[in-house]
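Written below as structure tokens is the structure these notes are about.
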There are 2 protein chains.
Amino acid sequence: MVNYNRRLDATFAALADPTRRAILMALMRGQSTVSELARPHRMSLPAVMKHLGVLQRAGLVSQKKIGRSRRCRLVARPLKNAEAWISQYRAFWEKQFDSLDRYLTESDK
Amino acid sequence: MVNYNRRLDATFAALADPTRRAILMALMRGQSTVSELARPHRMSLPAVMKHLGVLQRAGLVSQKKIGRSRRCRLVARPLKNAEAWISQYRAFWEKQFDSLDRYLTESDK
DNA sequence: ATATTAGTAAACCGTATGGTTAACTATAAT
DNA sequence: ATTATAGTTAACCATACGGTTTACTAATAT
């Protein structure tokens, strides 16, 4: 019954952390190295590296070692898939924003 | 720097589990009770209840007790917010699907 | 009144998550 | 050759997650 989609699991799990979302935001403004990505965060470098590992395993970040530093870039494809999954519900949330349904929702309380 | 958004955390975390996504799918087809939702899943009722608790705390499901059973319904608003967050990257993934960028991505390997 | 059904609560378990510090490797700069 | 920089690895810790079983309450049906 459950339609296993590990990739979607990994994508949503990766997005569930504010540090990781901030890293993706930073990467949207261009490629970065690990320490550039770490700088704004009040946590150790290894902690940031773990977040990068999660993002990489989710396929949201690709890395290439260049000399002693490491260039990270955003890979947006999994985001497209996540958005496609959520969009299945668009008709639903649009419906739920009309006043009749707001009334029905209130009746839950 | 990190823009804390606990609601988004909770939404994405809730979506990161296949059982919970299946429950939302079931609820898209209409309201259900706890045991109706549990039936297709090969796990105990308390396990399903925990998933429902996660969905409820994320604001994705509302419940109303009716007699001895409990009616669950989908609340789509958090999905709209999640989709809005992801959509920030749409320009990015559309850009990344043209062939030049596919070439650049390959150069990561 | 009793038995069944629907749901809840509590205790427990193994594993994952999100962080730390300390020690290390590899490259670059002086 | 030495030092500094960029990143990595390992060990550890507390808490959360996803499941279990067992025992319970509350409502309904007979």
Side-chain angles (χ1 to χ4, degrees), chain A residues 1-24 26-27 30-58 60-73 108, chain B residues 1-24 26-27 30-58 60-73 108:
Chain A
M1 191 84 259
V2 172
N3 185 12
Y4 285 105
N5 189 332
R6 304 287 179 196
R7 179 56 73 146
L8 216 43
D9 289 9
T11 304
F12 283 130
L15 296 182
D17 182 278
T19 301
R20 288 194 293 265
R21 288 198 305 275
I23 288 174
L24 292 181
L27 288 177
Q31 306 177 3
S32 273
T33 65
V34 173
S35 34
E36 283 166 4
L37 288 172
R39 196 161 303 126
H41 300 283
R42 301 196 310 158
M43 69 182 68
S44 65
L45 201 55
V48 172
M49 298 249 324
K50 284 192 187 182
H51 285 302
L52 276 171
V54 171
L55 290 168
Q56 197 177 358
R57 282 190 296 279
L60 285 161
V61 161
S62 75
Q63 302 184 344
K64 183 180 185 182
K65 201 163 186 179
I66 295 186
R68 73 181 148 173
S69 76
R70 182 169 286 271
R71 184 196 64 191
C72 303
R73 69 156 69 209
D108 282 348
Chain B
M1 189 86 256
V2 172
N3 186 11
Y4 286 104
N5 190 334
R6 303 287 177 196
R7 179 56 73 151
L8 215 42
D9 289 8
T11 304
F12 283 130
L15 296 181
D17 182 278
T19 302
R20 288 194 292 263
R21 289 198 303 276
I23 288 174
L24 292 181
L27 288 177
Q31 305 177 3
S32 273
T33 65
V34 172
S35 34
E36 282 166 5
L37 288 171
R39 197 161 302 126
H41 300 284
R42 301 196 309 159
M43 69 183 66
S44 65
L45 200 56
V48 172
M49 298 248 325
K50 283 192 187 182
H51 285 302
L52 275 170
V54 171
L55 290 169
Q56 197 178 0
R57 281 190 296 279
L60 285 161
V61 162
S62 74
Q63 301 185 344
K64 184 181 185 181
K65 201 164 188 179
I66 295 186
R68 72 179 150 176
S69 76
R70 181 169 287 271
R71 185 196 64 191
C72 303
R73 67 157 68 208
D108 281 348

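Chain naming here is simple, since letters A, B, ... match the order of the sequence lines and numbering starts at 1 in each. These figures come from a predicted structure and were not determined experimentally.
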Interatomic distance, [X] [atom1] vs [N] [atom2] [rounded to whole Å]:
X	N	atom1	atom2	value
A/R71	D/dG7	CZ	P	13 Å
B/K50	D/dG19	NZ	C1'	7 Å
B/M49	C/dG7	CE	C1'	6 Å
A/D17	C/dA16	CG	P	18 Å
B/L45	D/dG18	CG	P	17 Å
B/I66	C/dG7	CD1	P	11 Å
B/R20	D/dA16	CZ	C1'	12 Å
A/H51	C/dA16	NE2	P	18 Å

Side chain of [X] - closest among [options]:
X	options	value
A/R70	C/dT5, C/dT8, D/dG7	D/dG7
B/V34	D/dA6, D/dG19, C/dT8	C/dT8
B/P46	C/dA9, C/dA6, D/dG7	C/dA9

Is there a donor-acceptor contact under 3.5 Å from the side chain of [X] to the main chain of [Y]?
X	Y	value
B/R71	B/Q31	no
B/R70	B/V34	no
B/R57	B/A14	no

### Query
Do the side chains of B/N5 and A/P18 get nearer than 4.5 Å, heavy atoms only?
no
### Query
Are A/L52 and A/R20 close enough that some pair of their side-chain heavy atoms sits under 4.5 Å apart?
no
### Message
I want to confirm an ordering. Mapping A/A13 and A/K65 to their closest nucleotides on DNA chain C, which one lands closer to the 5' end?
### Response
A/A13
### Message
So A/S44, base contact, sugar-phosphate only, or nothing? Heavy-atom distance under 4.0 Å.
### Response
base
### Any A/T19 side-chain N or O less than 4.0 Å from OP1/OP2 of C/dG18
no
### Message
Just N and O in the side chain of A/S35: are any of them under 4.0 Å from OP1 or OP2 of D/dG7?
### Response
yes
### Task
Assign each of B/R57 and B/M43 to its nearest nucleotide of DNA chain D by heavy atoms, then name whichever residue's nucleotide is nearer the 5' end.
B/R57
